[in-house]
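In each ligand, atom 1 is the first atom listed, and ligand 1 is the first ligand listed. Since this is a predicted model, take the numbers as computed values, not measurements. Count residues from 1 along the sequence.
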Amino acid sequence: MTSPLPRLALESLDRASPALERLAYSPRAAKIGVMHFGPGAFHRAHQAYIFHRLLRKDLRWGVSGVSLRSSDLQVALDPQDGLYVLAQRDQQERFLTIGSLRERLTAPLARQLVTQRLLSPDLRLVTSTITEKGYCLSSSGDLDTEHPDIRADLANWEAPSTFIGWLYLGLKLRRAAGIAPFLTAPCDNLSDNGGKLARAVASYADLLDRDMADWLRGERPFVSTMVDSITPATDDELRAMVADECGVYDAWPVQREAFVQWVIEQDGRLGEADWQEAGVQITTDIAAFERAKLRLLNGAHSLLAYLGLGAGVETVAEACNSAPLALAVERLWDEVQPLLVPASGLDLAKYRPALMGRFRNPVIIHKLSQIAWDGSQKVPVRVMASFVEALERGLPTEMLALAIAAWMRFCVAAARSGRNIVDPFAADLKRLGQAASDLPADADAFLDAPGIFNESARTPLARAKVRDAYQALVSFGEFGAIERTLRAID
Ligand code: CS2
């Protein structure tokens, strides 16, 4: 796409319109103190914004963004000196220039530089948004040592391709050089993300270097974090709006709602920084925050995606303005709420109404199809975990079961219409979808599919509940099944 406007860059910033908020620091003076793996739209709208705020007072927090595969980001942002526009879309619209992404690297093309950065004594933090599947875990939550990418990295550990492989390499080289380990703070929607990653890297080390594995278990340079901000994917409409409003052309702006939350587990190794002023909450109760966010926000998102798409609805806001879907969300939350734990700084009474307000934000066009991706990775942690726990405690589970069954029906519909399923288990899901016969046994086939759910999802009671919900969707359609579920609970 060509544009008569100047391309966003340090040199063109003063020609941008006043609507574009300028930088309060000099990006060229920033040092790289953070390496972020997976610098997609979510990172750039969220953590890079926090580092951008830290940089105003402390130039040690520049970010090196490492893409594990694609060079798209480098191609888009290198000609812009790494600058991009963050459009905050809410009651009040804001356009911010973000200058914290000081370097864009494409790992397979810049191995030496990535390794050098991992070894830098200035490196304080490694963060990630590599999505659930980037952890290469099995359904038990442990490293899947049979995962093809992990096997490839184990066979060639000095030239890794996975985040796990890069962390191992970086920590091992630092240790050998006598440099203190960096702290890793993953930002993916998984409960205990720091713990899962710590265990995964140690299990990987078990197969390469036992001494290193022991050291990793002793040092444990990992913390868990919870991230939250609704960030629809960038589209041409956003590019055009940014160009119109800001008077510069940005090849890859990002957008999000005004709400941003980053909660990090307290750890002395986080380094002195004014985290609070930058908008970060530090807590000793990270599990409570993760649980509430994953199960209320992400759980509701997945329910809306699968029930909503089945009913022909396209966006989260549209879905939440439809009474049956909004009621379904409220019921899901009723089922999840008793499973949550209180924590200081987490106001559960305000959480639900605030969330519904965020979902209804009229200027955020958050596509259900974007949320529906990677269901095999999301449904187990967002929905199935609550379902199993509620069942064990004898609590209501009908809406949770309906959300799980709706994901199954989504796969069936996609397989039948020949639509692509975006999921690491796409081939299996397609096969299951094609073999479906619209009978309750289909639900068993999904529950039994290897690698997705664990044994707790396959108890006779769990099966019966999911089968029943599945059958309701087949017999009555999405809205009919919701209505029946709401009646059953009343
Ligand atoms: C969404 C999340 O795409 C999805 O699966 O549920 O990306 C969600 O918008 C974020 O976690 C909000 O913080």
Side-chain angles (χ1 to χ4, degrees), residues 38-50 86 88-90 127-135 186-191 193 224-235 254-264 279-281 286 289-309 313-320 325 328-329 332-333 336 346 351-352 354-361 363-386 403-404 406-407 410 421-425:
F42 186 76
H43 166 68
R44 293 196 290 130
H46 187 281
Q47 306 98 58
Y49 160 78
I50 300 285
L86 165 60
Q88 189 171 291
R89 309 189 71 178
D90 233 292
T127 53
S128 70
T129 44
I130 50 167
T131 78
E132 300 84 347
K133 59 179 177 263
Y135 287 63
C187 306
D188 300 282
N189 284 324
L190 277 172
S191 58
N193 48 18
S224 287
T225 87
M226 183 277 260
V227 289
D228 187 9
S229 187
I230 290 173
T231 309
T234 299
D235 54 13
V254 294
Q255 58 182 334
R256 62 157 163 76
E257 61 178 337
F259 182 93
V260 178
Q261 195 180 23
W262 192 4
V263 188
I264 306 183
V280 176
Q281 274 169 276
I286 190 69
F289 284 89
E290 286 178 333
R291 180 177 271 252
K293 193 260 171 168
L294 254 181
R295 295 181 180 210
L296 293 175
L297 188 156
N298 298 116
H301 260 176
S302 291
L303 167 125
L304 288 170
Y306 302 123
L307 285 174
L309 288 171
V313 177
E314 283 181 16
T315 70
V316 174
E318 205 189 314
C320 288
L325 288 166
V329 167
L332 182 96
W333 288 344
V336 169
L346 173 65
Y351 202 89
R352 282 175 55 163
L355 255 188
M356 192 49 98
R358 291 171 60 197
F359 285 175
R360 289 189 172 135
N361 181 341
V363 285
I364 287 279
I365 314 291
H366 198 189
K367 295 222 170 91
L368 294 177
S369 55
Q370 180 186 340
I371 299 169
W373 287 359
D374 287 350
S376 70
Q377 310 292 297
K378 293 175 176 176
V379 172
V381 288
R382 300 174 170 198
V383 189
M384 185 57 93
S386 298
I404 296 164
W407 165 68
F410 164 83
I421 302 179
V422 182
D423 195 293
F425 283 81

**Report entry** Pair Cys320-Leu304, side-chain contact (heavy atoms from CB on, under 4.5 Å): steps then yes or no
**Finding:** CA-CA 8 Å; Cys320 288; Leu304 288 170; 3.7 Å; yes
Query raised in the report: Would you call the rings of Phe410 and Tyr306 parallel, tilted or perpendicular, where under 30° means parallel and over 60° means perpendicular?
Result: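 Plane angle between 30° and 60°, so tilted.
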Query raised in the report: Out of Gln377, Lys378, Lys293, which one pairs with Asn189 under the side-chain hydrogen bond (donor to acceptor under 3.5 Å, both in side chains) rule?
Result: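 Checked Gln377, Lys378, Lys293 against Asn189; only one passes side-chain hydrogen bond (donor to acceptor under 3.5 Å, both in side chains): Lys293.
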May I ask you to list the atoms of ligand 1 that are less than 4.0 angstrom from any heavy atom of [X]?
X	answer
His366	9 (O)
Asn189	11 (O)
Asp228	12 (C), 13 (O)
Lys378	3 (O), 4 (C), 5 (O)

Query - Pairwise side-chain contact, His366 with Thr315, heavy-atom cut-off 4.5 Å (strictly under) - result: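 They are not in contact (no side-chain heavy atoms under 4.5 Å apart), so the answer is no.
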Query - Close side-chain approach of Ser376 to Pro424, heavy-atom, < 4.5 Å - result: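 Yes, side chains in contact.
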Requested in this report: Verify, without hydrogens or angle tests, whether Trp333 (side chain) and Leu296 (backbone) share a donor-acceptor contact under 3.5 angstrom.
Outcome: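 The answer is yes, because a donor-acceptor pair under 3.5 Å joins these two groups.
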Query - Which residue and heavy atom of the protein sit nearest atom 2 (C) of ligand 1, plus the separation - result: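 So the nearest neighbour among protein heavy atoms is Asn298 ND2, 3.6 Å.
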Query raised in the report: With a 4.0 Å cut-off on heavy atoms, is Arg382 touching ligand 1?
Result: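 A heavy atom of Arg382 does come that close to ligand 1.
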Requested in this report: Just go through Lys293, Gln370, His301 and tell me whose heavy atom is the nearest to atom 11 (O) of ligand 1.
Outcome: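 Result: the heavy atom closest to atom 11 (O) of ligand 1 is in Lys293.
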Requested in this report: For ligand 1, indicate whether the residue Ser302 contacts it via side chain, backbone, both or neither (heavy-atom separation under 4.0 Å).
Outcome: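 Ser302 to ligand 1: no contact under 4.0 Å from either part.
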